[in-house]
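One structure is given below, encoded as structure tokens.
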Amino acid sequence: MMLALEMYRSPAKYLAARAMGSRIPGILTGPAAPLRLVTIEEPKADRAGWARIRPILSGICGSDLGMVTGHTKLYFSALVSLPFVPGHEIVGELLEDCEDLPKGTRVVMDSVLTCAARGVEPCQGCASGTTNRCDRITVGHVAPGLQTGFCQDTGGGWGNVMVAHRSQLYAVPDGLSDERAVLAEPLAGAVHAALGAKVEAGQSVLVSGAGAVGLFATLALRELTQAGRITVVAKHPKQRELAKAFGASDVVAPDEVFRGVRRSTGAFRVKPELNAKEFLLGGVDVAVDAVGSKDSIDTVLRVTKAGGRVVLSGMPSTGADLSPVWFRELQLSGTYASSRQEPNGRPAFETALEIAAKAPLDGVVGARYPLYRWREALDHAQSAGRLGTVKVAFDVRAS
Amino acid sequence: MDDRTPPLLVHNGEGFLLERFPLGTRVVYPPEALPPVRDVEEAIQNALLHPIESEPLPELLRPGMRLTIAFDDISLPLPPMKKPDIRQRVIEAVLTMAADAGVDDVELISANALHRRLTPNELREIVGERVFRSFFPDGKLYNFDAEDTENLTHLGQTEHGEDVEISRRAAESDLLVYVNVNLVAMDGGHKSTSIGLASYKSLKHHHNSHTMIHSRSFMDHKASKMHHSAWRMGAVLTEHVKVFQIETTLNNDIFGGPLEFLQKREWEWSIKDQASMLATKRGLDLAPAKLRHKIFTDVRSNYGLTGIHAGKIEPVHEKTIDNVHRQHLVEVQGQSDVAIMGVPFVGPYNVNSVMNPILAACMGLGYYFNSYRGNPVVRKDGAVILYHPVDYEFSQLHHPSYVDFFEEVLSESTDPATIEAKFEKQYAEDPWYIHLYRTSYAYHGVHPFYMWYWISHALDHCGDIVWVGANRKTVERMGFRSASTLQDALEMVSHSVGRSPSITYLHNPPHLLADVR
Ligand SMILES: [Zn+2]
Ligand SMILES: [Zn+2]
């Protein structure tokens, strides 16, 4: 038996939770609370290639908060199996040998549950190394679930024990702290986004949002591309500071994006009638949306130059105006998780661990909570930007 | 100032205050308006027919020649002049002589340099209905365009390597007549043609932080580095182009009618003055911002002509300076620890527009602070206290690059040299600002930099700069402090000037030029 946080209601049932407002404790103590702290059976690792892991630190991701607050789209309801233990950003310790990795190895995990983990023939995505595009995430000998942390059978990082398949695991180099290693998963996502953005030497980039996704995307763009000017949209003082430390050339406030991008790119500014939102003729070569809100997406589409690329890195909401995509012939692309075979020929996780070792990431895990203080932890994560925190994590061993 | 002194009027943006200053405050009033020239037409004729070190204008005119008349733009005078504008009268006289001589190739150019274009109505206000109708529809009356590279001519360089690049039409004219309005000692002389008709390439040689910080003061062209440069350029220009300079000077009669009390000394206010002051103040305090703005934008001043001189640039300008000094100079005995100034609603760069924070700073710390001869009114490391609301308010139409300058540049640095090195070129060459300057009514992208360079002497000289009643955020962005009352302001500066500093209140406008002995 083990202690774990469990997601036990379907998104449809707790959509009502949204009416509770944005305060997490309100949502979690309300009648429709989807999450609870329970003592349950440990998940089993009785197939070849699977092993048990004891999580050390387990991060709280924006997609976790989306689940808890009922903001995640119904689209995903077919891709999870309830009840499940959330938590897909982990650094943990192997409780037994896992093929070539001996017991006790510290590991991080690519959470996508691909064909390899499910024991089925590789789909086209998996076969080509773009494992994040796996088409078999609902079948095989593992319950449906797009990732560990959304799947009934695997457990997740928000519990004392979980299981993972060898194909998901990467050994953490000695000397890399747990606080840095726990960032490997979101960093891998940023590596994937940065490489997918196909930024050419000297091109200007806008990153909208300076939460973990935006900040890591900035870092990865600086590390892995020859981007010229990188402009980051940040709301809070600490975010501004980190964006600069992570390689932003300049930082603008959300209501300053049009002005700032117009200035930095020498674009022309156009204001339609009737208070419609303005747009630029010209603008950045590439924009990365790391927020997902309608406002943010509307903005990045309007400040990207004709023929430019817009990468959706945050989970997008609906209702954005796509006229600029048509009129400006934008290339609109998404970026999800990370793959085993990135454009640089390597698994994103390997690159992420290298970045984790050298980037200025001290203090990025700004708060650690034991599992039993989960309401505080989620509330803190929900307000992280305002509170000057990038990443909130569960200190699972302290639980 | 003693205990019988009534509270004094202080200009404060689109409104004014009555302030009680500490006992012992020295108040410097602008001089009374000089008596105007009685017969303006006669004075104009006299100047054109009996010019200084030049043939009379009619002798310079002949059939088949190319004549260009350039005139000072809307930044002068302040506030704008009641009709008819003195420029209209002079231009009509010049045009009459040209017609008599059979000159038919005439163009009129507003010498706006990097200032915004004038609207057709604004051009009409300056040149008058008749001239406007005769020249504007054919494109013979227009704004100078410093970015129209095809219509610029590079005349050469000064011995200091400064480029002289001006309007092609002016450069290729057989005669360039310049019609000036001189309100302050900074204007006129070689500044007219070699700045008013010049491009950024030419202007950047003197409109930079180094030159402007060493221009002490702008009101003294012999002590101003900027003017030294303009004079050198003028020498190159006049080698190539024959210039007939016409300079006019105005008196201090700027507030007439119900606002007449604004230019009287408070203890001379009659019952009627007091009543109209109270009525105006109450009206303004109650008026919605838009109406208040309109009231001030609509102000037109009486002004009387105090002199008109024509002919060769340098000697004409000497006469002009004499006239300006006669009107504006006030003797001030010694510097003081604190100078207090009210910043009014209008400056050279927000006519028919709004005074944004940078312009407010420039008005107080560029214009007024530099309105001295000899030494600044305030001692080195003394304090300046200014009045203006300094609202976060910009005209997107007239000052688009100012908003960016305020948000982007000032948030990074307020040091003029740093700003110049890091940002000026980008702003000067930004295609959007150039587009708006050329086709809309926007100041050139680089203009806010010039405003900021202009205050660099004050930034360097003053220990403290505090704004009374100003928006805290905007003032802090510019590197200043704000106080809610004069008492608080004096408290804030007491660490540098002590608890009983000597204080001078410069009671302008109308304009004054402090001759600090
Ligand atoms: Zn995640
Ligand atoms: Zn697959």
Side-chain angles (χ1 to χ4, degrees), chain A residues 202 204 206-207 210 228-245 247-285 299 302-306 308 328, chain B residues 116 147 149 200 356-358 391-414 418-449 452 471 473-474 476-478:
Chain A
S204 57
L206 176 76
V207 177
R229 202 169 176 136
I230 301 179
T231 304
V232 176
V233 184
K235 236 189 228 172
H236 306 289
K238 181 73 184 172
Q239 294 180 332
R240 304 174 71 92
E241 198 182 295
L242 282 166
K244 289 251 177 183
S249 324
D250 46 359
V251 183
V252 295
D255 58 356
E256 284 286 299
V257 180
F258 287 91
R259 197 197 57 69
V261 172
R262 195 217 65 71
R263 258 286 306 134
S264 63
T265 61
F268 282 30
R269 198 166 170 172
V270 186
K271 181 92 184 85
E273 290 179 339
L274 297 175
N275 289 325
K277 207 166 172 176
E278 61 193 316
F279 59 94
L280 300 183
L281 297 176
V284 290
D285 296 297
T299 300
R302 283 157 186 268
V303 300
T304 305
K305 74 157 144 198
R328 307 261 75 203
Chain B
R116 70 172 173 88
E147 290 289 347
T149 44
Y200 171 64
N356 63 49
I358 293 157
D391 289 322
Y392 184 92
E393 191 185 18
F394 290 88
S395 162
Q396 281 290 350
L397 176 66
H398 296 141
H399 305 120
S401 72
Y402 278 70
V403 195
D404 292 354
F405 180 87
F406 188 81
E407 291 295 345
E408 179 185 37
V409 178
L410 291 184
S411 67
E412 189 142 333
S413 172
T414 55
T418 308
I419 284 174
E420 177 178 8
K422 185 156 181 208
F423 291 102
E424 183 190 302
K425 193 167 184 298
Q426 292 175 33
Y427 273 68
E429 293 172 359
D430 187 305
W432 176 238
Y433 300 145
I434 292 176
H435 169 76
L436 294 177
Y437 162 80
R438 299 194 63 189
T439 62
S440 179
Y441 296 100
Y443 276 82
H444 195 276
V446 80
H447 204 260
F449 290 78
W452 202 255
N471 178 319
K473 271 190 159 170
T474 53
E476 279 174 3
R477 168 63 58 86
M478 297 191 287

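Treat the numbers as computed from the prediction; the structure is a model and nothing was measured. Proteins come first, then strands; the chains are lettered A, B, ... in the order of their sequence lines, and each starts at number 1.
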Pairs of donor and acceptor atoms, chain B with chain A, under 3.5 Å:
{"unit_1": "B:Asp404", "atom_1": "OD1", "unit_2": "A:Arg259", "atom_2": "NH1", "d": "3.1"}
{"unit_1": "B:Glu408", "atom_1": "OE1", "unit_2": "A:Arg263", "atom_2": "NE", "d": "2.6"}
{"unit_1": "B:Glu408", "atom_1": "OE1", "unit_2": "A:Arg263", "atom_2": "NH2", "d": "3.2"}
{"unit_1": "B:Gln426", "atom_1": "OE1", "unit_2": "A:Arg263", "atom_2": "NH2", "d": "2.2"}
{"unit_1": "B:Tyr427", "atom_1": "OH", "unit_2": "A:Arg263", "atom_2": "NE", "d": "3.2"}
{"unit_1": "B:Asp430", "atom_1": "OD1", "unit_2": "A:Arg262", "atom_2": "NH1", "d": "3.0"}
{"unit_1": "B:Asp430", "atom_1": "OD2", "unit_2": "A:Arg262", "atom_2": "NH1", "d": "3.3"}
{"unit_1": "B:Asp430", "atom_1": "OD2", "unit_2": "A:Arg262", "atom_2": "NH2", "d": "2.9"}
{"unit_1": "B:Tyr433", "atom_1": "OH", "unit_2": "A:Arg262", "atom_2": "NH2", "d": "3.1"}

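Closest non-hydrogen pair, A:Gly266 versus B:Pro431, comes out as O-CG, 3.2 Å.
Interface residue B:Phe423: only side-chain heavy atoms are found under 4.5 Å from chain A. For A:Ala253, no part lies under 4.5 angstrom from a heavy atom of chain B.
Legend: residues meeting side chain to side chain donor-acceptor pair (under 3.5 Å) with B:Thr418, ordered by chain and number and at least two apart, are B:Asp415.
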